[in-house]
Student: 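Could you have a look at this structure, given as structure tokens, before my questions?
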Amino acid sequence: MLSSDDLIFFSVVATSDSLADASRKLNVTPPAISQRLRALEERVGVRLIDRTSHGLNLTDEGELVAAEGAAIV
């Protein structure tokens, strides 16, 4: 189960250009973002974001979590 903090965190990451951009928005280090995102993905059992050299791309599951999370938050 995801908490409201998880949904807010994922919303920021999903709307950021990169993990570094998300880390600036959340005022934490990039490794902290990576670690929390990895833990979140492990908890839900699916990959939510594809990380590429060109930035971040939401997976289909990530799109669903972002949309439903925005409606909840």
Side-chain angles (χ1 to χ4, degrees):
M1 175 176 276
L2 299 179
S3 69
S4 58
D5 286 340
D6 291 330
L7 295 175
I8 292 167
F9 164 79
F10 188 70
S11 174
V12 172
V13 173
T15 58
S16 297
D17 294 330
S18 65
L19 293 181
D21 182 36
S23 72
R24 284 188 293 276
K25 290 177 182 176
L26 293 169
N27 198 33
V28 297
T29 64
I33 295 291
S34 295
Q35 184 178 24
R36 185 162 180 193
L37 180 58
R38 187 171 35 256
L40 183 63
E41 290 175 330
E42 286 178 16
R43 205 163 348 128
V44 297
V46 295
R47 189 167 190 99
L48 299 172
I49 293 180
D50 287 324
R51 302 137 181 97
T52 67
S53 59
H54 300 294
L56 305 175
N57 295 315
L58 293 176
T59 62
D60 290 340
E61 294 84 358
E63 294 269 357
L64 182 63
V65 171
E68 294 295 321
I72 292 169
V73 175

Student: Report yes or no: do Asp6 and Ser3 form a side-chain donor-acceptor pair below 3.5 Å?
Tutor: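 Yes, Ser3 and Asp6 have a side-chain donor paired with an acceptor closer than 3.5 Å.
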Student: Determine yes or no for a side-chain-to-main-chain donor-acceptor pair under 3.5 angstrom, with Thr15 supplying the side chain and Ser11 the backbone.
Tutor: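 Yes: the side chain of Thr15 pairs with the backbone of Ser11.
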Student: How long is the gap from CZ on Arg38 to CZ on Arg43, to the nearest 0.5 Å?
Tutor: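 Result: 13.5 Å between the selected atoms.
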Student: Scan Val13, Asp17, Asp50 and name whichever one has a side chain to side chain contact (heavy atoms under 4.5 Å, CB included) with Leu56.
Tutor: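 In the set Val13, Asp17, Asp50, the residue that makes a side chain to side chain contact (heavy atoms under 4.5 Å, CB included) with Leu56 is Val13.
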Student: Just by distance, do the side chain of Ser23 and the backbone of Ile33 share a donor-acceptor pair under 3.5 Å?
Tutor: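 Pair absent, no side-chain N/O of Ser23 close to backbone of Ile33.
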Student: Could you go through the side-chain contact (heavy atoms from CB on, under 4.5 Å) check for Leu2 and Phe9 one step at a time?
Tutor: CA-CA 11 Å; Leu2 299 179; Phe9 164 79; over 6 Å; no
Student: Asp5 and Arg36: which non-hydrogen atoms are nearest, and at how many Å?
Tutor: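 Scanning both residues, the minimum pair turns out to be O-NH2, 3.3 Å.
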Student: What's the spacing between Leu40 CG and Arg47 CZ if we round to 0.5 Å?
Tutor: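 Reported value, rounded in 0.5 Å steps: 12.5 Å.
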Student: Do you know which two heavy atoms are closest between Arg51 and Glu41, and how far apart they sit?
Tutor: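 Nearest pair, atom of Arg51 first, then Glu41: NH2-OE1, 3.1 Å.
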Student: Are Val65 and Val46 linked, directly or through intermediate hydrophobic residues, by side-chain heavy-atom contacts shorter than 4.5 Å (ILVMFWY only)?
Tutor: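 Yes: a chain of side-chain contacts under 4.5 Å links Val46 to Val65.
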Student: Give, for atom CG of Leu48 and atom CG of Leu37, the distance between the pair rounded to the nearest 0.5 Å.
Tutor: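 So the gap between those two atoms works out to 6.5 Å.
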Student: If every non-hydrogen atom of Ala14 is compared with every non-hydrogen atom of Leu58, which pair is closest and at what distance?
Tutor: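 Here Ala14 and Leu58 meet closest at CB-CD2, 3.8 Å.
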Student: State whether the side chain of Ser16 and the backbone N or O of Leu19 hold a donor-acceptor pair below 3.5 Å, judged by distance alone.
Tutor: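 Not confirmed, Ser16 side chain does not pair with Leu19 backbone.
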Student: Going hydrophobic residue to hydrophobic residue with side-chain gaps under 4.5 angstrom, can you get from Val12 over to Ile72?
Tutor: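 Linked, Val12 and Ile72 end up in one cluster.
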